[in-house]
Student: 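One structure, pasted below without further comment.
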Amino acid sequence: MIPPVQVSPLIKFTRYSALLVGMIYGKKRYDYLKPIAEEERRIEAEEKKKREELERIAKEIAEGGCSV
């Protein structure tokens, strides 16, 4: 088996710097996108409630019993 090669300190520094920069970028991007996704989920939940209510009313009308 071949013995491990000595890696240059510059290469090590560059690799860990890139890792750190990527982690910082990911955190900032996550913090930017999180409120947008929460708003989309809230809007989708409201639309789902409205859609279910309309479906319930349509079903009730189709059955012929209008209790509204």
Side-chain angles (χ1 to χ4, degrees):
M1 185 169 219
I2 301 172
V5 178
Q6 183 66 28
V7 180
S8 166
L10 178 62
I11 293 173
K12 284 183 180 181
F13 174 76
T14 304
R15 287 176 66 189
Y16 283 105
S17 296
L19 176 64
L20 184 62
V21 168
M23 290 171 59
I24 292 170
Y25 170 77
K27 175 68 173 143
K28 288 180 74 173
R29 182 75 177 158
Y30 176 78
D31 289 342
Y32 170 76
L33 293 175
K34 186 177 179 183
I36 295 170
E38 288 176 351
E39 181 68 16
E40 288 176 353
R41 282 192 296 270
R42 185 188 64 77
I43 291 170
E44 182 63 33
E46 289 176 1
E47 290 174 355
K48 182 179 179 184
K49 285 180 185 178
K50 289 178 185 177
R51 188 172 52 247
E52 288 174 349
E53 182 66 19
L54 290 174
E55 289 173 359
R56 184 188 65 79
I57 291 170
K59 183 179 177 183
E60 204 172 275
I61 291 172
E63 290 175 352
C66 186
S67 63
V68 176

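Keep in mind the model is a prediction, meaning the values are calculated, not measured.
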Student: Assigning hydrophobic clusters by single linkage (Ile, Leu, Val, Met, Phe, Trp, Tyr; side-chain heavy-atom cutoff under 4.5 Å), is Tyr16 placed with Met23?
Tutor: yes
Student: Taking only Lys NZ, Arg NE, NH1 and NH2, and the carboxylate oxygens of Asp or Glu, determine whether Arg42 and Glu39 approach each other closer than 4.0 Å.
Tutor: yes
Student: Among Lys27, Lys34, Arg29, which one satisfies side chain to side chain donor-acceptor pair (under 3.5 Å) with Asp31?
Tutor: Lys27
Student: From Glu44 CD over to Arg51 CZ, what is the distance, rounded to the nearest 0.5 angstrom?
Tutor: 6.0 Å
Student: Could you give the distance from CG (Leu19) to OG1 (Thr14), rounded to the nearest 0.5 Å?
Tutor: 12.5 Å
Student: Thinking salt bridges, do Glu60 and Arg56 make one under a 4.0 Å N-O criterion?
Tutor: yes
Student: So how far is it from Lys12 NZ to Gln6 CD, rounded to the nearest 0.5 Å?
Tutor: 5.5 Å
Student: When rounded to the nearest 0.5 angstrom, what is the spacing between CG in Leu54 and CD in Glu47?
Tutor: 11.5 Å
